[in-house]
**Q** 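The structure's right below; bear with me while I get my questions together.
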Amino acid sequence: MLARVIQSKTIHWLGRQLSNQDNPESWLDPVLARINPMWVQAYTPARVEQVIQETADTRTFVLRPARRWTGFRAGQHVNICTEIDGVRRNRTFSLSSSPLLWESQGLVTLTIKRLPGGLVTNWLHDQVEPGQVIGLGEAFGEFLIPEPAQPVLFITGGSGITPVVSQLETMAAQDYPAPVTLLYFVRTHRDVIAGEKLRALASRHSTLRVQVIATNESEEPRFFRGEDLDEIADLKSREVYLCGPKGLMDLAGELLHQRGVTDDRIHSTFFAPPAPAQLEGAGLGGQVTFAKSDVQVGSEGDANLLEIAEAAGLKPQYGCRMGICHQCSCRKTSGTVINRLTGQVSGAGEENVQLCISVPRGPVSVDV
Ligand code: FES
């Protein structure tokens with residue numbers, strides 16, 4: 001009797017999966033995942049080779065992605081995809097290794113800080129061990145080393161150092177011919193990530209200068225100040241890369257502007273997403289039609305399309321949730337949306353939009 005029930009449930013499940021012809025991965029992947037998780041097609045499987053404790057709350061995960069992964073450039077990010085308590089979760093992290101490690105040994109590293117209340121970061125720290133497989137998306141991002149070589153200043157804080165470690169390793173391997181300075185802010189010296197590697201790079205790469213500044217080591221906090229920049233030769237001719245907590249990035253931007261560094265020389269990455277635009281009074285909200293799902297819901301205020309879809313029980317794909325990775329891009333077939341970051345108003349016709357930063361203004365229809 002039990003065997004008959006199991007058999008009928010299996011046939012029913014297979015029928016449901018096979019009938020989803022639009023997306024072959026959706027029925028094939030669960031089968032492949034059971035046979036060998038490295039065969040899954042929807043993302044690139046990556047086997048965890050090693051877990052290295054960097055600081056009390058930061059670990060480096062050494063991964064071996066399946067060879068079909070297309071690689072990355074220093075400073076780029078990836079989405080990782082994993083299942084926690086039966087729910088698929090995506091999160092964006094920076095690659096902390098140099099592309100050379102991928103090219104020579106087929107390995108990449110992600111250096112990840114445990115965040116208070118962070119579902120995925122806590123899971124990675126508490127549950128992931130060598131031998132497990134996680135999903136990797138394709139690399140993305142424009143936080144890239146300038147070409148041809150130009151003087152560079154990196155200003156990083158906390159785990160914002162991770163893409164910069166990848167860049168510094170790459171520059172050292174290329175004997176990058178221009179001056180490079182790193183200002184790395186940490187709470188205490190115990191919080192320095194990749195300290196040994198940074199020291200080794202600075203001694204190997206003659207144009208690299210590394211300065212670690214601990215902000216909370218003495219009674220009087222030691223904040224980022226203008227003199228830190230005044231000591232840097234040719235500041236105005238440097239390409240400046242910012243990566244760290246928003247407060248540090250805002251302060252860095254202000255101090256740089258005061259010293260005549262123009263916006264076209266300042267590059268920042270997703271640790272400091274642009275502040276949301278002021279959208280009050282812009283007639284926000286409206287009826288949203290998720291056409292593929294045959295769902296219609298009303299929305300109010302500055303809720304974005306991703307939040308509206310999730311509140312309606314839908315599960316569109318997403319990664320960073322801050323307008324960086326384009327994982328949530330989909331077709332808007334009609335209606336007007338406002339970009340939550342820039343305040344820019346879309347046209348009323350058909351176009352691609354990023355669900356996570358698009359706020360409806362009036363009725364909108366999207367292919368979700
Ligand atoms: S989820 Fe990354 S851009 Fe929307």
Side-chain angles (χ1 to χ4, degrees), residues 23 25 42-44 69-70 72-73 75-84 87-95 110 112 115 118-121 123-124 134-144 159-160 162-163 243 246 249 267-277 279 284-285 288 290-293 295 297 299 301-333 335-347 350-361 364-368:
N23 182 6
E25 288 152 359
Y43 49 80
T44 304
W69 196 61
T70 51
F72 70 105
R73 294 170 71 190
Q76 287 194 305
H77 323 294
V78 283
N79 285 325
I80 70 157
C81 166
T82 192
E83 204 171 288
I84 303 175
V87 180
R88 182 71 61 86
R89 308 277 178 183
N90 293 308
R91 289 293 184 279
T92 305
F93 297 103
S94 301
L95 289 143
L110 298 174
I112 297 173
L115 298 176
L119 179 73
V120 175
T121 62
W123 179 84
L124 284 162
I134 60 175
L136 221 54
E138 295 306 323
F140 63 89
E142 299 301 320
F143 195 67
L144 303 173
S159 55
T162 53
C243 190
K246 184 163 170 12
M249 300 298 92
H267 316 270
S268 58
T269 191
F270 70 93
F271 282 83
L279 300 181
L284 305 176
V288 182
F290 297 105
K292 277 190 180 167
S293 312
V295 169
V297 282
S299 79
D302 65 354
N304 62 51
L305 290 170
L306 180 59
E307 292 163 345
I308 298 165
E310 289 174 337
L314 305 178
K315 292 184 176 162
Q317 190 172 340
Y318 67 83
C320 64
R321 300 185 79 103
M322 57 175 91
I324 309 283
C325 71
H326 290 262
Q327 289 275 309
C328 65
S329 289
C330 81
R331 202 77 183 148
K332 168 175 76 67
T333 48
T336 303
V337 295
I338 300 185
N339 183 313
R340 199 186 223 180
L341 299 181
T342 62
Q344 201 179 349
V345 181
S346 77
E350 206 169 314
E351 63 190 320
N352 284 343
V353 295
Q354 290 160 275
L355 296 176
C356 71
I357 53 168
S358 298
V359 177
R361 194 171 80 172
V364 171
S365 180
V366 285
D367 277 347
V368 169

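Each ligand, and each atom within it, is numbered from 1 in the order the structure gives. The model shown is predicted, which means the values in this text are computed figures rather than measured ones.
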**Q** Would you confirm whether Q354, through its side chain, and C328, through its main-chain N or O, come within 3.5 Å as a donor-acceptor pair?
**A** no
**Q** What do the steps show when you test R331 against N352 for side chain to side chain donor-acceptor pair (under 3.5 Å), and what is the final call?
**A** CA-CA 4 Å; R331 202 77 183 148; N352 284 343; 3.0 Å; yes
**Q** Under 4.5 Å between any side-chain heavy atoms of T121 and F93, yes or no?
**A** yes
**Q** How close do H77 and S94 get, counting heavy atoms only, and between which atoms?
**A** ND1-OG, 3.2 Å
**Q** Apply the test side chain to side chain donor-acceptor pair (under 3.5 Å) to residues T92 and N79: give CA-CA distance (whole Å), side-chain angles for both, the deciding distance (0.1 Å), then the verdict.
**A** CA-CA 4 Å; T92 305; N79 285 325; 2.4 Å; yes
**Q** Heavy-atom distance under 4.5 Å between the side chains of V78 and W69, does that happen here?
**A** yes
**Q** Listing by chain and number, which protein N, O or S atoms are under 2.8 Å from atom 2 (Fe) of ligand 1?
**A** C320 SG, C325 SG
